[in-house]
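The next block holds one structure in the form of structure tokens; read it before the comments.
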Amino acid sequence: NQARQRERRLAELEQELLEKNCTVEALQERLDKSGQRRAEAEQTLTLRLQECEDELARQAATPPRVKVRTRPSHSKRVPYVTQTVEVESADSHRAVSELQVKNGALQDQLSLQRQLLKELEKQLHDSQRTCTQLRTQILVYEGEMQRAQGQLEVQMQNLEEEKNRVIEDAFIRAESEMKAVHENLAGVRMNLLTLQPALRTLTVDYNCLKKQVQDYPFLLETAISEVKQEICQVINDANTTNQDLLRKYKREMNLRKKCHNELVRLKGNIRVFCRVRPVSQEEQDSTDGKTMLSFDSDDDAVLYLTNKGKVMTFELDKVFHPQATQEEVFQEVQSLVTSCIDGFNVCIFAYGQTGSGKSYTMEGVADDPGINQRALRLLFSEVMENASDWDYTITVSMVEIYNETLRNLLGGNPTDKLDIKLNPDGSGSLYVPGLTEITVQSPDDIKKVFELGHMNRATACTNLNEHSSRSHALLIITVSGLNITTGNRTQGKLNLVDLAGSERISKSGAEGSRLREAQCINKSLSALGDVINALRCKHSHVPFRNSRLTYLLQDSLCGDSKTLMMVQVSPLPSNMSETVCSLKFAQRVRSVELSYSSSRKHEYSSTSSSPTHDSYTIASQSIPFNI
Ligand SMILES: Nc1ncnc2c1ncn2[C@@H]1O[C@H](COP(=O)(O)OP(=O)(O)OP(=O)(O)O)[C@@H](O)[C@H]1O
């Protein structure tokens, strides 16, 4: 790039030099010409001058016509005579004046020529100076040119060397690459040689495959028919296995049922749990949060009560501490709940003084439901799971027993009173004419049923809280199943009972209607105690009819039925006596075993129309439900 620039600069300089030479030549020419012109002008002027002198000489040689005028002298003596010779000739005068004019013109011309000459001389001088400068410049340029040429040559030489070097490198590289290519080529040749047998094998394989592809449809057909046969065989085998499994499953189910029953029998048909409710913030503030109950960290069936320094120990089937959640409580009862799908009758009672948490355990609160809702939902989901084999129907009834009066909570008119009657079919079973039974088919139905029951319960009273603690609330769930394959039928009943408050009448100091309410509660709880006691002692007669509650639950309390008593207690010292009574009751109930009573049949066939007809007085073994 630099070399190219220098070359261009050199060409420019040469061009400039050429132009300068031309200028010098032109100036030289002009100088020559002006010199020539000057010589010519000098020559012309010399000639003119010569002519003028000649003319003058000729004039002078011509004899003049002289008129001599002598001036008169005033003195005699003429010491000095001035004689003026005047050429009087007119021609000479004219000639002289013409010559003088000419002379003047020539003089002017001469001075002009001289001036011109001076200018020319000046120009010549300038031109010479310019010429000298140009020459000097030419010399400088020539020097520069020489220097540039020298540099150019050096660069050319360098470039040449560089070129040679690059060519040499490229050559070496090309040589090595060539060598590598040759080696590669040799390798490829080698590979080619080794691949040839592989190619031959591949060609053979390809031909083989081609043949196979041609034969494929036929092979496929054969394979499909073989597979079909195999599938049919497998399906047959699976069917046989399924039948076998179904048979085994049924046998297992029966076994499970038997085992479960045996387990229940061994554990006792009545199970007793205790739930200690937590101390509310208000109570904590007023009583320093002191509680009289403590738990055994190693045994969740033991509860300690400290009273005046004495420690009482209560042993139950399970004790729920105050922090136990609704879910934890339900986990413990869910096997009982689901057993009604297998055709068992189940009763779950919540027993305890007012405010001990019975409703909380059974009904729960909106965002944390209790056993009632959870049980119904569980039954519903279990039934759905078995829907392929079983056709189940779940019906729900809600009943309230207030002052020994039965009220239908899902009916159109909640104030209507219901009665319990013997089934006219002669089976000895009981039924409640007019009791509404709603079939639940979805979780939404469950919600609606509870809303309706709650609304009807609230309609018939002024203060629901007070009313609920003075009445028994029963949720009766019936699960009827039909096995689609075998045609077997089952029916189980789950009774979830939120009992009225168990506190003593003397303590409440009730009068009038309150006293009647308390007496009714007392009577029904007492009757429940009597029934359990009679069952425990295997009495031939069980006084189911002594209260509406026991009469209504007769089916679910006897035989292979299962009962759970959830005893609710308060941990506060102010509730000490009620808590002690409830726990004593719980412990006694725990030892009772329900058994199929032959007297049941006897009682079913009783002709008595009064529910209190078979009232039974509990002697020493009596369990005091009403404390
Ligand atoms: N385990 C618990 N966890 C939280 N709160 C509870 C628990 N048990 C009871 N409670 C609360 O204690 C209060 C009394 O409970 P609840 O109404 O269930 O008692 P009850 O025995 O049903 O009373 P009643 O006999 O008057 O119906 C309620 O405010 C309830 O929310």
Side-chain angles (χ1 to χ4, degrees), residues 273-287 289 291 293 295 300 303 316 318-333 348-374 398-403 407 409 450 453-454 457-458 460-475 496-505 507-508 510 514 517-518 520-522 524-525 528 549 564-572 574-579 581-583 585-586 625-627:
F273 290 173
C274 175
R275 187 175 190 184
V276 181
R277 79 152 168 83
V279 178
S280 71
Q281 191 58 50
E282 229 172 67
E283 292 164 340
Q284 203 147 23
D285 295 342
S286 60
T287 61
T291 66
L293 299 174
F295 306 87
D300 64 358
L303 182 68
L316 306 149
K318 169 96 188 166
V319 175
F320 294 104
H321 55 79
Q323 287 75 41
T325 62
Q326 299 281 68
E327 180 57 32
E328 282 165 10
V329 172
F330 186 68
Q331 295 255 317
E332 290 294 324
V333 303
I348 299 178
F349 294 99
Y351 173 91
Q353 73 172 113
T354 298
S356 57
K358 299 184 293 294
S359 303
Y360 186 86
T361 296
M362 298 310 285
E363 284 175 28
V365 284
D367 55 350
D368 198 4
I371 292 174
N372 288 4
Q373 276 203 47
R374 287 174 195 264
M398 266 193 198
V399 173
E400 181 189 70
I401 303 175
Y402 176 67
N403 281 353
R407 291 198 303 164
L409 291 181
F450 281 108
H454 195 261
R457 204 173 182 201
C461 62
T462 42
N463 183 336
L464 183 63
N465 279 345
E466 256 185 37
H467 178 83
S468 71
S469 62
R470 318 233 146 256
S471 60
H472 309 299
L474 285 87
L475 174 69
L496 302 168
V497 190
D498 181 1
L499 292 168
S502 64
E503 60 272 16
R504 282 176 290 190
I505 307 168
K507 195 183 172 189
S508 62
R514 271 299 182 82
E517 276 176 357
C520 286
I521 296 165
N522 203 25
S524 59
L525 291 178
L528 181 62
L549 178 70
L564 169 73
M565 192 64 78
M566 180 72 78
V567 176
Q568 296 281 151
V569 292
S570 154
L572 293 173
S574 55
N575 298 120
M576 165 76 75
S577 58
E578 302 291 352
T579 304
C581 286
S582 295
L583 288 171
F585 156 76
F625 265 78
N626 54 330
I627 313 224

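Positions are given from 1 along the sequence. We count ligands from 1, going down the list as the structure has it; atoms in each ligand are counted the same way.
- Between D498 and ligand 1, no pair of N/O atoms sits closer than 3.5 Å.
- Counting the atoms of ligand 1 from 1 in the order shown, those under 4.0 Å from a heavy atom of R275 are 1 (N).
- Near S359, meaning under 4.0 Å from one of its heavy atoms, ligand 1 places the atoms 18 (O), 20 (P), 22 (O), 27 (O).
- Atom SG of residue C274 and atom CE of residue M565 lie 12.5 Å apart, to the nearest 0.5 angstrom.
- Counting all heavy atoms, side chain and backbone alike, V567 lies closest to A586 at CG2-CB, 3.5 Å.
- Considering backbone and side-chain atoms alike, G355 places an N or O below 3.5 Å from some N or O of ligand 1.
- Qualifying side chain to side chain contact (heavy atoms under 4.5 Å, CB included) partners for P322, counting only residues two or more places apart in sequence or in other chains: V276, P278, F295.
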Derivation of the side chain to side chain contact (heavy atoms under 4.5 Å, CB included) call for V569 and S356: CA-CA 5 Å; V569 292; S356 57; 5.7 Å; no
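- Not a single heavy atom of E363 sits under 4.0 Å from any atom of ligand 1.
- Summarising the contacts of atom 2 (C) of ligand 1 with P278, G357, S570, the nearest heavy atom is found in P278.
- Tested against M566 for a side-chain contact (heavy atoms from CB on, under 4.5 Å), the candidates V497, L499, V329 yield a single pass: V329.
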Show me the side-chain donor-acceptor pairs of residues 360-370 shorter than 3.5 Å, one per line, residues at least two apart or across chains.
unit_1: T361; atom_1: OG1; unit_2: R275; atom_2: NH1; d: 2.9
unit_1: T361; atom_1: OG1; unit_2: G357; atom_2: O; d: 3.1
unit_1: T361; atom_1: OG1; unit_2: Q568; atom_2: OE1; d: 2.5
unit_1: D368; atom_1: OD1; unit_2: R374; atom_2: NH2; d: 2.8

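- Ligand 1 lies nowhere less than 4.0 angstrom from a heavy atom belonging to G352.
- Across all their heavy atoms, Q373 and F450 have their closest contact at CG-CE1, 3.4 Å.
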Give the intermediate values and the outcome of side chain to side chain contact (heavy atoms under 4.5 Å, CB included) for residues L572 and R277. CA-CA 10 Å; L572 293 173; R277 79 152 168 83; 4.1 Å; yes
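- Checking Y360, Y351, F320 against atom 30 (C) of ligand 1, the nearest heavy atom belongs to Y360.
- The shell of residues lying under 4.0 angstrom from ligand 1, judged by heavy atoms, excludes Q326.
- Annotation for ligand 1: atoms under 4.0 Å from non-hydrogen atoms of Q353 are 21 (O).
- Counting atoms of ligand 1 from 1 in the listed order, those under 4.0 Å from a heavy atom of K358 are 18 (O), 19 (O), 20 (P), 21 (O), 22 (O), 25 (O).
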